[in-house]
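We count residues from 1, following the sequence as given. Basis for what follows: all heavy atoms, side chains included, without hydrogens, waters or symmetry-related copies.
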Amino acid sequence: MIFTIGENAGLIWRILDEQHEMSLTQLQTRSELSDAALWAAIGWLAREGKIYCRTAGDMLLFSNNLADGFITFG
């Protein structure tokens with residue numbers, strides 16, 4: 001299970017490296033991960049300090065680059 005979460009985290013990081021900012025829906029569509037797998041991967045990246053988020057209206061946006069308006073986890 002840990003290996004799969006790590007692989008999924010790598011997938012999410014690579015997707016964000018190409019797009020720089022994506023909504024949760026966009027990440028899920030692009031990665032084809034289940035809700036649980038996506039949140040586990042985001043959690044993995046958050047624990048490592050490799051993902052950031054911000055809100056835009058009622059949407060969460062994620063990035064692997066810390067830019068203005070983004071927050072870190074933890």
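Considering only heavy atoms from C-beta on, Asn8 stays 4.5 Å or farther from Ser31 through its side chain. Within the 4.5 Å cutoff, no side-chain heavy atoms of Phe62 are placed close to those of Leu45. Considering only heavy atoms from C-beta on, Leu27 comes within 4.5 Å of Leu16 through its side chain. The shortest side-chain heavy-atom distance between Asp35 and Gln28 falls under the 4.5 Å cut-off. Inter-residue side-chain proximity for Ser23 and Leu60 is flagged as unmet; no heavy-atom pair is nearer than 4.5 Å. In this structure, Ile42 and Ile51 have side chains that are in contact, with non-hydrogen atoms separated by less than 4.5 Å.
For residues 9-20, the pairs satisfying salt bridge (Lys or Arg N to Asp or Glu O under 4.0 Å) are Glu18-Arg30, with sequence neighbours left out. For residues 38-62, the salt bridge (Lys or Arg N to Asp or Glu O under 4.0 Å) pairs, not counting sequence neighbours, are Glu21-Arg54, Glu48-Lys50.
For Gln19, there are no side-chain hydrogen bond (donor to acceptor under 3.5 Å, both in side chains) partners, not counting sequence neighbours. Looking at residues two or more places apart in sequence or on another chain, you find no side-chain hydrogen bond (donor to acceptor under 3.5 Å, both in side chains) involving Ser34. Partners of Leu66 according to the side-chain contact (heavy atoms from CB on, under 4.5 Å) rule, which considers only residues two or more places apart in sequence or in another chain, are Tyr52, Phe70, Thr72.
When atom types are taken as modelled, the side chain of Thr55 and the backbone of Gly57 share no donor-acceptor pair closer than 3.5 angstrom.
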Decide yes or no on side-chain contact (heavy atoms from CB on, under 4.5 Å) for Cys53 and Leu61, but give the supporting numbers first. CA-CA 5 Å; Cys53 83; Leu61 296 173; over 6 Å; no
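Shown here for Trp44 and Ala9, the closest heavy-atom pair between the two residues is CD1-CB, 3.5 Å. When all heavy atoms of Ala40 and Ile5 are compared, the closest pair comes out as O-CG2, 3.7 Å.
Taking Ile, Leu, Val, Met, Phe, Trp and Tyr as hydrophobic and joining them when side-chain heavy atoms fall under 4.5 Å apart, one finds Ile71 isolated, its cluster having no other members.
Between Leu24 atom CG and Gln26 atom CD the span is 10.0 Å, to the nearest 0.5 Å.
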